[in-house]
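The model shown is predicted, which means the values in this text are computed figures rather than measured ones. The figures here come from the full heavy-atom set of this structure, side chains too, leaving out hydrogens, waters and symmetry mates. Below, read A as the first sequence line, B as the second, and so on, with proteins coming before strands; counting in each chain starts at 1.
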Amino acid sequence: MTLSLETPSLEVSGLAFAYPDGHQALFGVDLTVRRGERVALLGPNGAGKTTLVLHLNGILGGGDGSGVGSVRVAGLPVTKPNLAEVRRRVGIVFQDPDDQLFMPTVREDVAFGPAAAGLRGAALEERVHAALERVGMADFADRPPHHLSFGQRRRVAVATVLAMEPEILVLDEPSSNLDPASRRELADILRSLDVTVLMVTHDLPYALELCERSVILSGGVIAADGPTGELLCDEDTMRAHRLELPFGFDPRSVVMGR
Amino acid sequence: MGAGHAHKLYRHARSPVHELPPHCKLAAVFCFVLVVVATPREAVWAFGLYALLLAAVAGAARVPYGFLLRRLLIEVPFVAFALLMPFVVPGEKVGVLGLSLSEPGLWGAWNILAKGTLGVAASVLLAATTELRALLLGLERLRMPPLLVQIASFMIRYGDVVTDEMRRMRIARESRGFTARGVRHWGVLAKSAGALFIRSYERGERVHLAMVSRGYTGVMPVIDDVTATRAQWTHAAALPLAALAVCLTGWTLT
C-alpha cells in the first residue's frame, strides 16, 4: 500500500455514537491528526474521550452499524474486514498497566501483539528487544510484570504497543499515578519516539510539555482545537469546559525548550 | 529466567533435571505415577525401589532431601483418612502393639500411603525443578486444551493483583474500625467477597479489551515453542521405564 506524506494518520469525520442503553456519548466528532503530530485530547470527565478512543481501533462502532460517521487510520477505513490491520496500526496504551500487561513475563507480553500478527522466531525476538530498548526496559525482559514498579509497568505498556510498530500511539492518561520522576522519564520517552501520538489527559502541564496541538472534547463534540499554549491561556474556553490549571501554574510563563 | 519469577515450590539450580524440557518431565512424572499405582500392594519391596529411584532423581536435580521431605508434609491432611482404615475396615483382626487392627484395613492404608507419598514426591520434584511458566508451556505442548492453559496462566499473572486488592479492602475496612469477631460480621465479609468478585470481573473485561486491541482473536499466539531432542526424551523416560521394570517384576513375583 502506498501512502503519500499527506495521508493523515487519523481522520475522524462525523462520528456519532450511542451506547445500547440509549446514552449518547458522541455527537458528530471531526478530528484529523497529521502524521508525526502529537495531539492532546482534553476534556472533562464524561465528555466521551474513552468512547472516542475505543472507536479508533474498532472496539466500538467498527462498522457494525451501531454508529454513524467514519474513522480512517492512515487512509484505511475502520470496518470489520480491516479490523486486524487497524488494530496493528492503532496502539492503545490503557490507563491501568495491570490491564494491559496480562502475560506472565514482560518479554512475552511485548511479543503478544506482533506474535498475534504472525511474527515468529528471531524477527519476533528482535522486535521485542527493540521495543523494550526504546522505553529503557530491556533489562527487565524476563521479569513478571507484577514485580515492577508502577512507572516501569507503564513504560512496558508503551513498549507492548510500540512492538506492533503502530501508525498512531493512543495514550489514555499516561501520567496518572506516576511520581514526578517517572512522569518526566515517560515524557522523555514519548518525545524521543517518531510516531504520531494522541494523548488523552487531564494533566494540562503535561499536554503543554509534550503536545504542540490540543483539542477539547466536550459534550460529545470537538469544542476547541488549537495550539496547546493558546488553548490553555483562553480562560473562557477553559472555564466553559470544566478545565482547570493546577494551582500556581501559568502557561504564559512556561518557556518551551523546543 | 528472572529470579523474581520463582514460586515457592520452585528451587533454582542448574542440573540435568532442571534443563530437561517441561513436557518431557510432565510426561515422565505422569507415566511414573501410573506405573506406581498399577503395582500390586503386596510387593512391598517394589515401593522401596521406587523411593530409591526418586531419591536418585532428587540427587541428580540437586534437591536436598530435607527440602523434599518438608514439601511432602502437604500430604498429611490427605493421609489422615488412610490412618483410619485399619480401625474401621471390617475383616480379620491382627494384634499390633496391643491394638486389634483389621488386616485388609492395614493393607488398604499401606496402599494409599505408599502410592500417595510416591506420587506427591514425584510431583514435588517436578515442581522443584520446573518453573511455573515452563510447566504451562509444557502442558500446552502436550496438547492440553489451550483455554485451560490460558486460564492457568492468567491465574499466575493476576493472583497477586487480586490478593493485593483484597488486602487493600481489608485495610479500608479496618481503618474504619471493623474487625471480624464472629458470626455477626460474616455479612460484611461476604459483601467484601462479592465486591472483590465484581472488581475482578470488571478487570477481566478490561484485560480482554486490551487483548483485543492488540489483535487477540481467541487463540494465544505461539511465542515460545518448546522442543525436545530424542536424547532429552530418553533421559526423561529413564524414570518411568525403570519403574515399569520394577512393576512388571512385582506382578510376576506375586
| Is the side chain of B/Tyr216 donor-acceptor paired with the backbone N or O of A/Ala116 at a distance under 3.5 Å, no angle test? |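 Judged by distance alone, no pair lies under 3.5 Å.
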| said: Test your reading of the model: is there a side-chain donor-acceptor pair from B/Arg214 to the backbone of A/Asp109, 3.5 Å cut-off? | reply: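 It does hold such a pair.
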| message | Test side-chain contact (heavy atoms from CB on, under 4.5 Å) on B/Met211 and A/Phe102; report intermediate values, then the result. | response | CA-CA 8 Å; B/Met211 292 173 73; A/Phe102 47 79; 3.3 Å; yes
| In this structure, which one of B/Val161, B/Val207, B/Asp164 forms a side-chain contact (heavy atoms from CB on, under 4.5 Å) with A/Asp98? |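 Among B/Val161, B/Val207, B/Asp164, the one that satisfies the side-chain contact (heavy atoms from CB on, under 4.5 Å) with A/Asp98 is B/Val161.
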More than 12 non-hydrogen atoms from neighbouring residues, nucleotides or ligands closer than 6.0 Å to [atom1] on [X], yes or no?
{"X": "A/Glu126", "atom1": "CD", "answer": "no"}
{"X": "B/Phe197", "atom1": "CZ", "answer": "no"}
{"X": "B/Phe81", "atom1": "CZ", "answer": "no"}
{"X": "A/Phe150", "atom1": "CZ", "answer": "yes"}
{"X": "B/Leu241", "atom1": "CG", "answer": "yes"}
{"X": "B/Tyr201", "atom1": "OH", "answer": "no"}
{"X": "A/Arg34", "atom1": "CZ", "answer": "no"}
{"X": "B/Arg14", "atom1": "CZ", "answer": "no"}

| said: Please rank A/Gly118, A/Pro145, A/Ala117, A/Pro114 by heavy-atom pairs under 4.5 Å with chain B and give me the top one. | reply: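 Maximum pair count with chain B is reached by A/Pro145.
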| task | Please determine, among A/Asp96, A/Val128, A/Val161, A/Ile92, the option with the most heavy-atom pairs under 4.5 Å with chain B. | result |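 With the most close heavy-atom pairs to chain B, the winner is A/Asp96.
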| said: Taking side chain as everything from C-beta outward and backbone as N, CA, C, O, which of these in A/Ala84 sits under 4.5 Å from a heavy atom of chain B? Side chain, backbone, both or neither. | reply: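 Interface part for A/Ala84: neither.
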| request: Tell me, for A/Leu101 versus chain B, whether the close heavy atoms (under 4.5 Å) come from the side chain, the backbone, both or neither. | output: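 Backbone plus side chain of A/Leu101, per the 4.5 Å heavy-atom cut-off to chain B.
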| message | Only pairs of heavy atoms separated by less than 4.5 Å count here; which of B/Thr217, B/Leu136, B/Asp160 has the most with chain A? | response |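 Looking at each of B/Thr217, B/Leu136, B/Asp160 in turn, B/Asp160 comes out on top.
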| message | Quick check: closest heavy atoms across B/Ala210 and A/Phe94, and the distance to 0.1 Å? | response |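 Nearest heavy atoms, B/Ala210 then A/Phe94: CA-CE1, 3.6 Å.
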| Exercise: identify the closest heavy-atom pair between A/Ala115 and B/Val222 |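 Shortest heavy-atom separation between A/Ala115 and B/Val222 comes out as CB-O, 4.3 Å.
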| query | Nearest 0.5 Å, what's the CZ-OG1 distance between B/Arg157 and A/Thr105? | reply |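 It comes to 10.5 Å.
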